[in-house]
Amino acid sequence: MVDLEEYGINMWPEEKIIAFRKTLLQWYDENKRDLPWRKNTLPYSVWVSEIMLQQTRVDTVIPYYRRFLEWFPTITDLAEAPEQTLLKAWEGLGYYSRARNMQAAAKQMVELYNGEFPTTYEEIIQLKGIGPYTAGAISSISFNLPTPAVDGNLMRVISRLFEIPYDIGQPSNRKIYQAVAEILIDPDRPGDFNQALMDLGSDIESAFTPKPELNPIKEFSSAYLNGTMDQYPVKKPKKKPRPIKYKAFVIQNKQGEYLLEKNNQADLLSGFWHFPLIEDFTKEAKQIDLLENEMQEEYQVPNQDIPLEIQFETLYHCKVSWQESTYKQVQHIFSHQKWFITIQSGLTNDDIVSDDHKRELKWVSSEEFSTYPFAKPQQKIWHEIQKAHKFL
DNA sequence: GATCCGTGGAG
DNA sequence: TCTCCAAGGAT
């Protein structure tokens with residue numbers, strides 16, 4: 001148990017807690033958003049929405065949510081889905097391990113619970129991809145259990161209520177906000193209480209453009225009453241993404257098909273297909289970085305001056321006639337990496353491209369591309385190719 | 001516990 | 001353009 005006094009938090013008397021619940025829930029009843037996942041409280045659909053909404057905006061999620069339930073109406077359907085279909089359903093949403101973890105959890109439920117959703121917090125949090133937040137959300141919304149759903153919204157609102165100065169980006173501080181929420185949560189309507197804090201936190205108490213005068217709980221908020229709203233929550237800035245240079249190889253065979261490779265090893269974009277990529281450590285690339293991208297000293301690497309085209313022919317066991325091209329450099333920013341991709345196209349007569357068993361390679365016509373899961377960098381590269389060809 | 005894992009929108 | 005973010009979890 002967390003002793004709130006140790007953290008300088010003076011919990012309200014019982015009457016004030018009850019008044020707070022009443023005020024918050026009344027506001028929610030009058031102002032709650034009409035969202036597709038609020039039509040019922042069935043655990044499967046609540047689960048799908050909660051996973052999709054992790055670090056992702058509501059407007060982005062809605063079309064994915066609808067399609068996902070059409071494609072996989074039940075836990076069993078999800079458990080049995082082919083990888084390609086699963087990734088297609090998630091294509092563009094990001095954080096793709098969420099989809100893989102959901103399927104793993106669906107398989108757990110088929111094996112352990114006869115394809116049904118478990119009904120206790122302790123069982124739910126054992127499922128793959130479900131942590132304290134999601135377990136709390138599902139438990140409260142679907143099973144009416146008094147478990148807080150401690151996310152960024154809840155921590156932001158509570159930090160202002162009590163002027164809590166502990167960094168909400170620091171995982172070890174989560175327990176403080178959790179302890180406060182466990183006291184505040186309405187035991188009769190825990191699901192609505194949690195969702196009310198989310199609605200409030202995403203609009204009236206948003207991080208960027210809060211609307212303090214419209215806030216239904218402003219009279220409960222220490223930060224509001226003391227004029228310190230702009231000081232909460234405390235959150236340290238994130239690190240900048242690390243720059244990485246790649247060369248993408250857009251290779252066609254005699255039939256005009258393109259060489260694609262499946263990303264089987266990496267955690268990043270695992271399972272997605274892409275034009276072969278080789279990281280560029282050449283001196284030339286380094287010069288471009290210094291001039292165009294202001295590559296920082298800490299990211300400098302030793303030269304490796306074997307031309308990327310030679311490296312490609314060695315790694316992929318084929319002879320290529322390289323084409324002159326004027327494609328623009330493609331950039332893509334992940335949360336932790338920033339890719340600078342130059343495109344090199346070429347033609348080959350070799351049909352067997354690799355005997356390296358680690359690589360999964362395929363010749364694919366552009367008409368078939370839509371059936372392959374492509375992540376954003378690959379889509380940007382393909383877009384650049386098509387754009388360039390329009391001007392020929 | 002710090003780092004890794006995507007993407008699109010807002011200012 | 002750049003920066004920060006948005007309903008976190010796994011390692």
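So that the names make sense, note that chain A is the first sequence line, chain B the second, and so on, each numbered from 1.
- Taking atom CG on A:Asn101 and atom P on B:dC4, their separation rounds to 18 Å, with Å as the unit.
- For the P atoms, the distance linking C:dT3 with B:dG6 amounts to 22 Å, nearest Å.
- An OP1 or OP2 oxygen of B:dG8 is reached within less than 4.0 angstrom by a side-chain nitrogen or oxygen of A:Lys376.
- Of the charged side-chain nitrogens involved, at least one lies within less than 4.0 Å of a carboxylate oxygen, so that A:Glu261 and A:Arg359 count as a salt-bridged pair.
- For residues 260-269 of chain A, proximity to DNA chain B is found at A:Asp267, A:Leu268, A:Leu269, defined as any non-hydrogen atom under 4.0 angstrom from a strand atom.
- Using a 4.0 Å cut-off between charged side-chain N and carboxylate O, A:Asp29 and A:Arg189 make a salt bridge.
- Rounded to whole Å, the distance from CD1 on A:Ile168 to P on C:dA6 is 9 Å.
- Dashed line: the shortest gap from a side-chain N or O of A:Gln55 to OP1 or OP2 of B:dT7 is not under 4.0 Å.
- Map A:His336 and A:Gln170 each onto its nearest nucleotide of DNA chain B; the residue landing nearer the 5' end is A:Gln170.
- Contact check on A:Lys362 versus A:Glu257 returns no salt bridge, with no Lys/Arg side-chain nitrogen under 4.0 Å from an Asp/Glu carboxylate oxygen.
- Atom C1' of nucleotide B:dA10 and atom CZ of A:Phe208 are separated by 7 Å, given to the nearest angstrom.
- The CG-C1' distance, from A:Leu93 to B:dG8, rounds to 11 Å in whole Å.
- Considering only side-chain N and O atoms, A:His332 lies under 4.0 angstrom from the phosphate OP1 or OP2 of B:dT7.
- For the pair A:Thr209 and A:Thr60, both in contact range of DNA chain B, the more 5′-proximal nearest nucleotide belongs to A:Thr60.
- In terms of position along DNA chain C, the nucleotide closest to A:Ser49 lies nearer the 5' end than the nucleotide closest to the other residue of the pair A:Lys128 and A:Ser49.
- No side-chain donor from either of A:Glu384 and A:Trp382 sits under 3.5 Å from a side-chain acceptor of the other.
- Between the side chain of A:Thr134 and the base of C:dG8, no donor-acceptor pair under 3.5 Å is found.
- Neither OP1 nor OP2 of C:dA6 sits under 4.0 Å from any side-chain N or O of A:Tyr95.
- Looking at heavy-atom distances under 4.0 Å, A:Ile141 makes no contact with the nucleic acid at all.
- Side-chain atoms of A:Ser97 and base atoms of C:dG9 include no donor and acceptor less than 3.5 Å apart.
- Listed by chain and number, the residues in a ring-ring contact (aromatic ring centres under 6.0 Å, His included) with A:Phe249 are A:Phe312, A:Trp322 (sequence neighbours excluded).
- Taking every heavy atom of both residues into account, A:Asn40 and A:Val46 meet most closely at O-CG2, 4.4 Å.
- In this structure, A:Ile381 and A:Phe275 approach most closely via the heavy-atom pair CG2-CD1, 3.6 Å.
- Within the nucleic acid shown, A:Ala375 comes within 4.0 Å of sugar-phosphate atoms alone, with no base atom in reach, counting heavy atoms only.
- Comparing C:dA6 with B:dC5, their C1' atoms are spaced 15 Å from each other, to the whole Å.
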